[in-house]
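A short worksheet on the structure shown next.
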Amino acid sequence: MWPDLIQKSKDGGLDVIETYVFWNLHEPVRRQYDFKGRNDLVKFVKTVAEAGLYVHLRIGPYVCAEWNYGGFPLWLHFIPGIQFRTDNGPFKEEMQIFTAKIVDMMKKENLYASQGGPIILSQIENEYGNIDSAYGSAAKSYIQWAASMATSLDTGVPWVMCQQADAPDPMINTCNGFYCDQFTPNSVKKPKMWTENWTGWFLSFGGAAPYRPVEDIAFAVARFFQLGGTFQNYYMYHGGTNFGRTTGGPFIATSYDYDAPIDEYGLLRQPKWGHLKDLHKAIKLCEAALIATDPTITSLGTNLEASVYKTGTGSCAAFLANVRTNSDATVNFSGNSYHLPAWSVSILPDCKNVALNTAQINSMAVMPRFMQQSLKNDIDSSDGFQSGWSWVDEPVGISKNNAFTKLGLLEQINVTADKSDYLWYSLSTEIQGDEPFLEDGSQTVLHVESLGHALHAFINGKLAGSGTGNSGNAKVTEDIPVTLIHGKNTIDLLSLTVGLQNYGAFYDKQGAGITGPVKLKGLANGTTVDLSSQQWTYQVGLQGEELGLPSGSSSKWVSGSTLPKKQPLIWYKTTFDAPAGNDPVALHFIGMGKGEAWVNGQSIGRYWPAYVSSNSGCTSSCDYRGPYNSNKCLKNCGKPSQQL
C-alpha cells in the first residue's frame, strides 16, 4: 500500500512524509535485526523519494505513538542496572547502538539530503520535556548527552527534539499539539516547527470515537503560518492499523484511524482531505513572501489580527484572523472590506484577494461504506458440519510442561517478557470440613486485585467471574462469588494484557498482572484467608499458542454437528474466498467477545466488540469554533469501540 498512500499524500499537497522508527520491530531480539517486508525502512524512505517527497525520520528511539511499550523492545527491561530515558550507562549504550545503526543504514544508501537523498530532518528522543521533571537533574545531563550523541552521527541535516524547551544547540526544539501558533523555539536562530498537529485522537477499547472538524484543523494550520511557522506535520495524515500485538496504552484499539485525512483503510476522508489540499495550495501561493521575511502583525479589533509578509521585490501575502469563538466579523484591511467567520483565517496571497477562508469548505463530504458479504459458512448456521467452522478447546489452567511454581504472586511482564498477552496463576487449596465459613456448597467470595489489564477466574475448571480495567485505570479489583467443595479446590486465574504502557515518567515500571492480594472471604462470620503468599503455579501463554494454532494447520482442529458458543476459552477457524478487486477488506466481529484474529497466519490484531463505550459524552454535531480537546467531539457512544 505504500506507493498509493504516499501518492495520495502528495496529491493532498504534502511535501514531507514523517515516520517513527520502531525499535521493537527492528530489534525484537538483542542484536538480531529485522528490516524485511513491512519493516523495510530503507525501502519505505526510497519509496517516498520516488514520489518526489522529503522524509522526516523520527528515530527516537522512544516513540510513544500509542505503540506497545512506547516502541522499546522488552529485552531492554531485563538488562542489569538499566533505567530508561535518563542518565544511565546501560540505557545510553543501547540507545546509541540502535540510533547509530539506523543513521548508518540511511547513510550507506545515501538517503540524507546532505548526500542528495530525501531525509531533511531527524528526531532524537520524543516529548521528553513533558515528563523530564520526574527524572531530576539526571534529565538535564541525559538530554545534553542525547543531543551530542545525535550530532556526532554527522547526518548533515538538522536534528529536532519535540516538546523540549531546553533542547541544547544545535537541536531544534519543536511543538506538538492541537495548536502551535503561539509557540516560539528557544533561539532566534531556530525555525518555528510543528512536528505533530493532531488531526483527531486515538481510539481506546471501551472508549467512544474522537474526531476533529477540518475547519478547526485548517484554522490551526493557517494561524501557524500566519505567525511565522515554517514546517507543520499532521499526526496522523494516515494512521492505519495496529496489526498483531503492536498497540500500546494499555487498551489502545487495533484501529489507529485517528480521524486522519487518509482513513485506516487508505481511503480519502472527505471533506477533510480535500479542504486541507485547498489550504495547502493557498499557503503555497504565499510562499515567495513567507520565506523572504517575517510578518508584520497588526490588530484589526478585539481578537482580530492581520499578518502581512511584504518584500522589497514586491511580493505581498496577508493572513486575516478572527480568533473569536462565536461572533463573525467584518474587517477593513488595506482599504477593502472582508467578512471573517468566527474561528477562521482568510489567506490573501496578493494582500488583496481571498484564496481561501479556513471555515468555508469547498470539498464534498463522502461517506465510504463497506459492502456486506456473508461468509459462505455463516456462524449462525446451527449445523456445525455444514458451517465449515472448526474449533479447539483451550484448557483451563496449567497444561504446558514449562510451567513453574513460586511462592507468592509475581508481576506479569517480568514473567512473560510480553511473549504472550496471557499468564495463568494456579493454586490448589484444601478445604477442611470444619472450617467455620466453608460449609459444603456455601458461597464464598474470591477477592482478586490486579495491576491489569483484565482477568478471568476459574474455580475447579469453571468460569466464576471476570474483570477488566479501562484506558483511564488499568487496575482490576474484583469480588467474585464462588462455590467451593470439601477437599481439594483448584483456583485458576488467567491474567491478560492489552498492550503495554507507552507514555509517562517511568512508564516501564507500571507492571501488570495479579500482584494481589488474593483472598477468600467467608460470608458467614467474616473470616478471611489470604492466599497471596502461597505456592502458585505459573504458565506463560496458552497451549494453543505453543501448538501454533494461529497458523491454522494443526491437526488438533475438530468439527462437529453443533458449534460450541459462549465458551470462555476456545479457538475458532474457518475459510473464506477473498472478494475480487483491490478494495479494502474488513472482517465484522460483531457476535465475538474478546481475542486475537489471524488471516493466513498473520495476526490482524486484537478484537473486543464486547467492550462497549459509555452512553454519555457524544454529541450529534460538533461546533468547530473554539479550542479543541480530545473529548470535545465524540461519536459511537454506547456501541462497541471497534467492530471492523
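Everything quoted here is computed from the prediction, not taken from an experiment.
- Contacts classified as disulfide (SG to SG under 2.5 Å) and involving residues 248-317 (residues at least two apart or in different chains) are given here: C316-C351.
- Take F35 and apply the side chain to side chain contact (heavy atoms under 4.5 Å, CB included) test, not counting sequence neighbours, and it matches H26, Y33, L41, K101, I102, M105.
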Scan the side chains in residues 148-158 for donor-acceptor partners under 3.5 Å anywhere in the protein, sequence neighbours excluded, and list what turns up.
| unit_1 | atom_1 | unit_2 | atom_2 | d |
| --- | --- | --- | --- | --- |
| S148 | OG | Q144 | O | 3.2 |
| S148 | OG | W145 | O | 3.1 |
| T151 | OG1 | A147 | O | 2.6 |
| S152 | OG | M149 | O | 2.6 |
| T155 | OG1 | V157 | N | 3.2 |
| T155 | OG1 | V157 | O | 3.0 |

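- Counting only residues at least two apart or in different chains, salt bridge (charged side-chain N to carboxylate O under 4.0 Å, His left out) contacts with residues 275-292 comprise D15-K284.
- Judged as a salt bridge (charged side-chain N to carboxylate O under 4.0 Å, His left out), the pairs with a partner in residues 113-139 (not counting sequence neighbours) are, in order, R85-E125.
- Shown here are the side-chain hydrogen bond (donor to acceptor under 3.5 Å, both in side chains) partners of N336, two or more places apart in sequence or in another chain: there are none.
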Steps toward side-chain contact (heavy atoms from CB on, under 4.5 Å) verdict (F370, Y265): CA-CA 11 Å; F370 276 102; Y265 298 95; 3.7 Å; yes

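- Residues that satisfy the salt bridge (Lys or Arg N to Asp or Glu O under 4.0 Å) test with K46, not counting sequence neighbours, are E109.
- In this structure, the ring pair (Phe, Tyr, Trp, His ring centres under 6.0 Å) partners of F44, at least two apart in sequence or on a different chain, are W2.
- Counting only residues at least two apart or on different chains, the salt bridge (charged side-chain N to carboxylate O under 4.0 Å, His left out) pairs with a member in residues 294-312 are R223-E305.
- Residue pairs that meet the salt bridge (charged side-chain N to carboxylate O under 4.0 Å, His left out) test with at least one member in residues 49-62, sequence neighbours left out, are E18-R58, R58-E196.
- Side-chain N/O atoms of N176 and Q163 include no donor and acceptor closer than 3.5 Å.
- Residues satisfying the side-chain hydrogen bond (donor to acceptor under 3.5 Å, both in side chains) criterion with D623, sequence neighbours excluded, are R625.
- Every pair passing disulfide (SG to SG under 2.5 Å) that includes a residue from residues 179-227 is listed here, sequence neighbours excluded: C175-C180.
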